[in-house]
Amino acid sequence: MAITRYNQHPDTFLTMTANRNWPEITSALLPHQKTIDRPDLIARVFELKRKCLMKEIETNKVFDKIRICAQVDKLVCAELPDPKNDPTFFETVKCCMVHGPCGARNPQAPCMENGRCTKKYPRAFAESTTMDQDGYQIYRRRNSGQVYTVRGQEVDNRDMVPYNAYLSKRFNCT
Ligand SMILES: [Zn+2]
């Protein structure tokens, strides 16, 4: 087991535990050997895995992505707010931040071109915010089961244009 600090923040430690079933270990055992007989092998394989993990963290910026996505969730929302929490805010968002509706619900919408929405709505549901390979945000759009009627069509979180909740509330607009 090793504890590795993966960035400068003191709270960010990561624990990795050796797995005796790693194929690099089991395949190197002689017929009569058990994993426990080969601490040298375990240590060597573990060190290889640890280096791979560190490379993954440093090269692919795995944790940076998670951190950035968490920050994005604080700043940008692509979901309808709960009407019970703040009915006025809900109305503002419902009124201003729903795209279209377009697609099959409204083929004549101005965003439609060759039967497709040029803005790529409705988007797919997403349990959490992620980042694609190019660093482009894919916003959280949970499938809450809530459907609302906007401009005569049923809409849900797939139709939401991302907004900043603080500014929208502060200025009662989006
Ligand atoms: Zn559209």
Under 4.0 Å between a Lys/Arg side-chain N and an Asp/Glu carboxylate O for D159 and R141?
no
Closest non-hydrogen atom pair, T26 against N21
CG2-CA, 4.0 Å
So, taking the atom named CG in D37 and the one named NZ in K34, what distance separates them when rounded to the nearest 0.5 Å?
7.0 Å
Are Y121 and Y163 joined in one hydrophobic group, where the rule is that I, L, V, M, F, W and Y side chains link up if heavy atoms are under 4.5 Å apart?
yes
Please answer whether the main-chain N or O of R140 pairs with a side-chain N or O of T129 as donor and acceptor at a distance below 3.5 Å.
yes
Looking at R20, I'd like to know if its CZ atom is crowded, meaning that more than 12 non-hydrogen atoms belonging to other residues, nucleotides or ligands lie closer than 6.0 Å.
no
Flag side-chain contact, heavy atom, 4.5 Å: F90 against D86:
no
Got a salt bridge between R67 and D64, using NZ or NE/NH1/NH2 to carboxylate O under 4.0 Å?
yes
For the student: nearest non-hydrogen atoms of P101 and Q153, plus distance:
CG-CB, 3.4 Å
N157 versus N143: any side-chain heavy-atom pair under 4.5 Å?
no
For W22 and K49, run side chain to side chain contact (heavy atoms under 4.5 Å, CB included): C-alpha distance rounded to whole Å, both residues' side-chain angles, the deciding distance at 0.1 Å, then the answer.
CA-CA 10 Å; W22 277 332; K49 296 277 185 187; 3.6 Å; yes
Mind listing the closest non-hydrogen atom pair of G103 and M112 along with its distance?
N-SD, 3.3 Å
Hey, quick one: are L48 and M54 part of the same hydrophobic cluster, counting side-chain heavy atoms closer than 4.5 Å, chains of contacts allowed?
no
Does L30, at its CG atom, have more than 12 non-hydrogen atoms belonging to other residues, nucleotides or ligands within less than 6.0 Å?
yes
Are Y148 and V93 linked, directly or through other ILVMFWY residues, by side chains that come within less than 4.5 angstrom of each other?
yes
Between P107 and A104, what is the shortest heavy-atom contact and its length?
CD-O, 3.7 Å
So SG of C95 and CZ of R151: to nearest 0.5 Å the spacing works out to 7.0 Å
Looking at side-chain heavy atoms only, is the closest gap between I68 and Q137 below 4.5 Å?
yes
To the nearest 0.5 Å, what is the distance between CG (N106) and SG (C117)?
10.5 Å
Only one of R105, H99, Q146 passes side chain to side chain contact (heavy atoms under 4.5 Å, CB included) with V155, and that residue is R105
Above 12 or not: heavy atoms from other molecules or residues under 6.0 Å from NZ of K119?
no
Between R44 and E47, does any NZ, NE, NH1 or NH2 come within less than 4.0 Å of an OD or OE carboxylate oxygen?
no
Is the shortest heavy-atom distance from the side chain of M97 to the side chain of P81 under 4.5 Å?
no
F125 six-ring face occupied by R123 cation (under 6.0 Å, within 45°):
no
Mark yes when over 12 heavy atoms from residues, nucleotides or ligands other than E154 sit less than 6.0 Å from its CD; otherwise mark no.
no
Do V98 and V161 have side chains that get closer than 4.5 Å, going by heavy atoms?
no
Side-chain contact test, heavy atoms from C-beta onward, threshold under 4.5 Å: evaluate it for E79 versus S144 and give yes or no.
no
Rounding to 0.5 Å, atoms CD1 (I138) and OG1 (T130) come to a distance of 4.0 Å
Determine, stepwise, if the pair N164 / V76 fulfils side chain to side chain contact (heavy atoms under 4.5 Å, CB included).
CA-CA 5 Å; N164 176 288; V76 183; 5.8 Å; no
Looking only at heavy atoms, the pair that brings R38 and L29 closest together is CG-CD2, 3.7 Å
Starting at OG1 of T35, measure out to CG of L41 and round the result to the nearest 0.5 Å.
8.5 Å
Evaluate the side-chain proximity of K55 to K51: yes if any heavy-atom separation is below 4.5 Å, no if none is.
no
Rounded to the nearest 0.5 Å, how far apart are OH of Y139 and OG of S128?
14.0 Å
Measuring only between side-chain heavy atoms, which start at C-beta, is L80 closer than 4.5 Å to K94?
yes
